[in-house]
Novice: 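Starting off with a structure, shown below.
Quick caveat, the model's predicted, so the values are computed rather than measured. We use all heavy atoms of the structure for the numbers below, so side chains are in, but hydrogens, waters and symmetry mates are not.
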Amino acid sequence: MNAVAVQVIWVLIPAFCALTGYSDKAVRRKIESGVWIEGRQYRRAPDGHININMLEYYKWVEG
């Protein structure tokens with residue numbers, strides 16, 4: 001069996017919260033208040049789910 005490396009960039013809010021410790025409410029507040037920019041830190045999938053870009057999140061944290 002061959003191993004495959006996968007880099008996960010976009011994650012749903014529950015996975016993001018589990019990885020970072022932010023609450024669902026805190027994430028949604030950052031989106032609603034404009035702290036995070038749609039198309040950069042987050043985007044809405046065609047089904048309406050919000051996906052968080054982990055790479056852009058790291059840049060935001062370091063910024």
Side-chain angles (χ1 to χ4, degrees):
M1 183 173 185
N2 295 329
V4 177
V6 177
Q7 182 177 18
V8 177
I9 297 173
W10 295 96
V11 298
L12 295 174
I13 292 176
F16 177 82
C17 293
L19 291 168
T20 64
Y22 278 97
S23 68
D24 182 279
K25 186 175 181 178
V27 171
R28 292 179 189 280
R29 204 176 282 150
K30 285 175 181 20
I31 290 169
E32 291 167 7
S33 67
V35 172
W36 287 353
I37 300 166
E38 187 164 5
R40 181 175 291 168
Q41 285 89 10
Y42 77 96
R43 84 169 43 148
R44 294 180 196 277
D47 63 2
H49 283 88
I50 296 173
N51 292 266
I52 309 297
N53 183 315
M54 294 302 296
L55 299 177
E56 290 297 328
Y57 162 73
Y58 297 137
K59 289 178 189 176
W60 176 78
V61 166
E62 294 169 356

Novice: Could you check whether any side-chain heavy atom of Lys30 comes within less than 4.5 Å of a side-chain heavy atom of Tyr42, counting everything from C-beta outward?
Specialist: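 Lys30 does not reach Tyr42 side chain to side chain.
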
Novice: In chain order, what residues pass the side chain to side chain donor-acceptor pair (under 3.5 Å) check against Arg44, with sequence neighbours excluded?
Specialist: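 Checked Arg44 against side chain to side chain donor-acceptor pair (under 3.5 Å); zero matches.
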
Novice: Where is the tightest heavy-atom contact between Trp10 and Arg40, given as atom of each residue plus distance?
Specialist: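 It is CH2-O, 4.1 Å.
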
Novice: Begin from the C-alpha positions of Gln41 and Val35 and carry the test side chain to side chain contact (heavy atoms under 4.5 Å, CB included) through to its verdict.
Specialist: CA-CA 9 Å; Gln41 285 89 10; Val35 172; over 6 Å; no

Novice: For Cys17 versus Ser23, what's the shortest heavy-atom pair and its separation?
Specialist: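 In terms of heavy atoms, the two residues are closest at SG-C, 3.6 Å.
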
Novice: Taking only residues two or more places apart in sequence or in another chain, which ones pass ring-ring contact (aromatic ring centres under 6.0 Å, His included) with Trp60?
Specialist: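 Here the qualifying residues are Trp36.
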
Novice: Is there side-chain contact between Leu12 and Ile50, with at least one heavy-atom pair below 4.5 Å?
Specialist: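 Side chain of Leu12 against side chain of Ile50, heavy atoms only: no contact under 4.5 Å found.
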
Novice: If we only count heavy atoms from C-beta on, is the Val8 to Met54 side-chain gap below 4.5 Å?
Specialist: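 No; the side chains remain at least 4.5 Å from each other.
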
Novice: Can you tell me how far the CG atom of Asp24 sits from the CZ atom of Arg29, to the nearest 0.5 Å?
Specialist: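 If I round to the nearest 0.5 Å, the distance is 10.5 Å.
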
Novice: I'd like to know whether CG of Asn2 has more than 12 heavy-atom contacts from other residues, nucleotides or ligands below 6.0 angstrom.
Specialist: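 Atom CG in Asn2 is not packed in, count stays at 12 or less.
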
Novice: Identify whether Ile37 and Val11 are in the same connected component of the hydrophobic contact network (ILVMFWY, side-chain heavy atoms under 4.5 Å).
Specialist: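 No, Ile37 does not connect to Val11 through the hydrophobic network.
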
Novice: Hey, which of Ile52, Asn51, Asn53 is the one that makes side-chain contact (heavy atoms from CB on, under 4.5 Å) with Phe16?
Specialist: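 Checked Ile52, Asn51, Asn53 against Phe16; only one passes side-chain contact (heavy atoms from CB on, under 4.5 Å): Ile52.
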
Novice: Do the non-hydrogen side-chain atoms of Ile13 and Arg28 ever get within less than 4.5 Å of each other?
Specialist: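 Answer yes - side chains close enough.
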
Novice: Using 4.0 Å as the upper bound for N to carboxylate O, is an ion pair formed by Glu56 and Lys59?
Specialist: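 Yes, charged N to carboxylate O under 4.0 Å.
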
